[in-house]
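Here is the structure we will look at, set down as structure tokens.
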Amino acid sequence: IQSYRSEIISGDFPAIFIAAPKSVFGPQEERTMTITVRGIEFQSNTDNDMGLEFVNLSHRFGYQCPNWPYFKDVAIERKHYMAKSGVLSQTITTTMHVTTHIDAPAHVVQGTPFIDEVPLPHFFGTGLVVSVPKKKWEQITGDDLEKACGHAIRKGDVLIINTGWHKEYEDGDYFAYCPGLVPSAADWMIEKGVKVVGHDTQANDHPLATAIGPQRNGPILPHLEQEYFEWSGGVDWKDAFPEWEPVHNKLFSNGILGIENVGGDLDSVTGKRCTFAFFPWNWDRGDGCIIRLVAMMDKGQQYRIEPGEDF
């Protein structure tokens, strides 16, 4: 019986999708090593009974985590704790557009699907992690993406972009000075049939094409106008970024979801084809969701998703 081979292939791209009968592979015979966390033993991300490698691509979430400039701070209150109740229960007040998260189309484009309405295949799949190094306020263009992975991208891929800015993810300049996607990049992704795009920058658009700059609900950081004028050699920021969130609008109107603030061990999988999982909450009328973005690799090519047989 043929069954789905998670293209949890670990090699540098381009790679080849492999599907093979289950009978080709035998059970894993080597003993799995464990790690101890606070006195409890677990199988590790890189050594487990499944034979898979799991790589975290999410930033931390919690107290005083970096936040987009016009959102309230994350608040976490312990309703119950060990000394009081013998259990730990916490109440969280947060926007869903903090740390590593995925936007629903309804976040920006009126009348489009909420996060619970997007079918589940759009939160799982194979794809590429590509290197597109960028500095302050530089643009991520369609030409950049073509040079980085035009030879390897496939229709339906998840595309993760590493600009290097996940290393700058702190409460401060990250949000105002990130590089960002511009409309030509959105056009390229639509043409190639990308399913989901993730990136280690603050939004699915250049920061000055959001309310940080001269756009709808902004500018929330008006001092950047003169700074951009000087940085650009005399270009008015309204001329450089005349549209409000054009990449959000293009992608979401074409069913392409966007993951913002990718981080974690991104460098370790850059230049590779992996399988990704990033499921959100089943949140009724949700505008997006904090996610645990995970890259998976199957170097032994022994793992199978079960066919759903009766037991």
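Here the structure is a predicted model, which means the values were calculated and not measured. Count residues from 1 along the sequence.
Between the side chain of Q215 and the backbone N or O of F241, at least one donor-acceptor pair lies under 3.5 Å. A donor-acceptor pair is defined here as one N or O able to donate and one able to accept, closer than 3.5 Å; no such pair exists between the side chain of R304 and the backbone of P307. Between the D200 side chain and the V262 main chain, no donor and acceptor come within less than 3.5 Å of each other. With hydrogens and angles disregarded, no donor-acceptor distance shorter than 3.5 Å links the side chain of D265 to the backbone of V55. The backbone N or O of H223 lies less than 3.5 Å from no partner atom in the side chain of Q226, so there is not a single donor-acceptor pair. Proximity of a side-chain donor or acceptor of S58 to a complementary backbone N or O of L293 within less than 3.5 Å is detected. Counting only distance, with no hydrogens or angles, the side chain of R60 and the backbone of T99 share no donor-acceptor pair below 3.5 Å. Checking side-chain atoms of T270 against main-chain N and O of S131 turns up no donor-acceptor pair under 3.5 Å. When atom types are taken as modelled, the side chain of T112 and the backbone of A106 share a donor-acceptor pair closer than 3.5 angstrom. Looking at N217, its side chain never comes within 3.5 Å of a backbone N or O of A211 through a donor-acceptor pair.
Note on residues 177-190: pairs passing salt bridge (Lys or Arg N to Asp or Glu O under 4.0 Å), not counting sequence neighbours, are D187-K250. Screening residues 265-284 for ring-ring contact (aromatic ring centres under 6.0 Å, His included) gives no qualifying pairs among residues at least two apart or on separate chains. Applying the ring-ring contact (aromatic ring centres under 6.0 Å, His included) test to residues at least two apart or on different chains, the pairs with a partner in residues 71-106 are H97-H101, H97-H107.
Between I161 and V197 the shortest side-chain heavy-atom distance falls below 4.5 Å. Residues L57 and V269 meet the side-chain proximity criterion, which asks for heavy atoms closer than 4.5 Å. With contacts defined as side-chain heavy-atom distances shorter than 4.5 Å, the pair D103/L257 does not qualify. Contact check for E168 versus D173: no side-chain heavy atoms found under the 4.5 Å cut-off. Side-chain atoms of W137 and P179, non-hydrogen and from C-beta on, never get closer than 4.5 Å to each other. For the pair W237/L224, a side-chain contact is recorded, criterion being any heavy-atom separation below 4.5 Å from C-beta on. Side chains of K195 and D157 form no contact here, defined as non-hydrogen atoms less than 4.5 Å apart. Using a 4.5 Å heavy-atom cutoff, the side chains of Q64 and D73 are in contact.
One distance of note links NE2 of H199 with CD1 of I259; it measures 8.5 Å at 0.5 Å rounding. For the atom pair F54 CZ and M296 CE, the distance stands at 6.5 Å (nearest 0.5 Å). If you take OH on Y169 and OG1 on T201, they are separated by 12.0 Å, rounding to the nearest 0.5 Å.
Comment: E77 engages K79 in a salt bridge, judged by a side-chain N to carboxylate O separation of less than 4.0 angstrom. Salt bridge K134/D144: present, at least one basic N to carboxylate O contact under 4.0 Å. Ion pairing between a basic and an acidic side chain is recognised when a charged N comes within 4.0 Å of a carboxylate O; E146 and K192 show such pairing.
A donor atom on one side chain and an acceptor atom on the other are found under 3.5 Å apart for H248 and D205. Between the side chains of E260 and N204, at least one donor N or O lies within less than 3.5 Å of an accepting N or O.
For Y177, the side chain to side chain donor-acceptor pair (under 3.5 Å) test picks out E227, with sequence neighbours left out. Residues that satisfy the side chain to side chain donor-acceptor pair (under 3.5 Å) test with D267, not counting sequence neighbours, are N162, H166, K167. A search for side chain to side chain donor-acceptor pair (under 3.5 Å) contacts involving N67 returns nothing, not counting sequence neighbours.
By the rule that hydrophobic residues join a cluster once side-chain heavy atoms approach within less than 4.5 Å of another member, Y63 and L88 end up as members of separate clusters. A continuous path of hydrophobic side-chain contacts links V294 to I102 [ILVMFWY only; heavy atoms under 4.5 Å]. Grouping the Ile, Leu, Val, Met, Phe, Trp and Tyr side chains by contacts below 4.5 angstrom, directly or via other members, places L208 apart from I140. Each of V182 and V130 belongs to its own hydrophobic cluster when Ile, Leu, Val, Met, Phe, Trp and Tyr are linked at side-chain heavy-atom distances under 4.5 angstrom. Taken together through direct or relayed side-chain contacts under 4.5 Å among Ile, Leu, Val, Met, Phe, Trp and Tyr, I212 and V108 form parts of separate hydrophobic clusters.
Aromatic ring orientation, Y228 versus W231: tilted (interplanar angle from 30° to 60°).
The one candidate from N249, T141, V247 that meets the side chain to side chain contact (heavy atoms under 4.5 Å, CB included) condition with P183 is V247.
With a 6.0 Å radius and a threshold of 12 heavy atoms from other residues, nucleotides or ligands, K147 has its NZ atom at or below the threshold. By the neighbour-count criterion of 12 heavy atoms within 6.0 Å, atom NZ of K72 is sparsely surrounded, having that number or fewer from other residues, nucleotides or ligands. Heavy-atom neighbours of E170 CD from other residues, nucleotides or ligands within 6.0 Å: at or below the threshold of 12. Atom CZ of R292 has 12 or fewer neighbouring heavy atoms from other residues, nucleotides or ligands inside a 6.0 Å radius.
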- Task: Using the side-chain contact (heavy atoms from CB on, under 4.5 Å) rule, take C149 and L159 through it: C-alpha gap first, then chi angles, then the decisive distance, then the call.
- Result: CA-CA 9 Å; C149 63; L159 176 63; 4.0 Å; yes
- Given the rule in the side-chain contact (heavy atoms from CB on, under 4.5 Å) test, do F123 and V118 qualify, once you have shown the distances and angles that lead to the verdict? CA-CA 9 Å; F123 307 109; V118 177; 3.7 Å; yes
- Show your working on side-chain hydrogen bond (donor to acceptor under 3.5 Å, both in side chains) between Y174 and N261 and close with a plain yes or no. CA-CA 10 Å; Y174 169 82; N261 303 319; 2.6 Å; yes
- Query: Going through the distances and angles, do V129 and L266 end up as a side-chain contact (heavy atoms from CB on, under 4.5 Å)?
  - Reply: CA-CA 8 Å; V129 185; L266 181 59; 3.7 Å; yes
- Item | Working for side-chain hydrogen bond (donor to acceptor under 3.5 Å, both in side chains), residues D49 and Q43 | CA-CA 8 Å; D49 288 342; Q43 295 184 22; 2.8 Å; yes
- With side-chain contact (heavy atoms from CB on, under 4.5 Å) as the test, would you mind laying out the steps for D287 and F114 before giving the verdict? CA-CA 6 Å; D287 52 89; F114 295 100; 5.7 Å; no
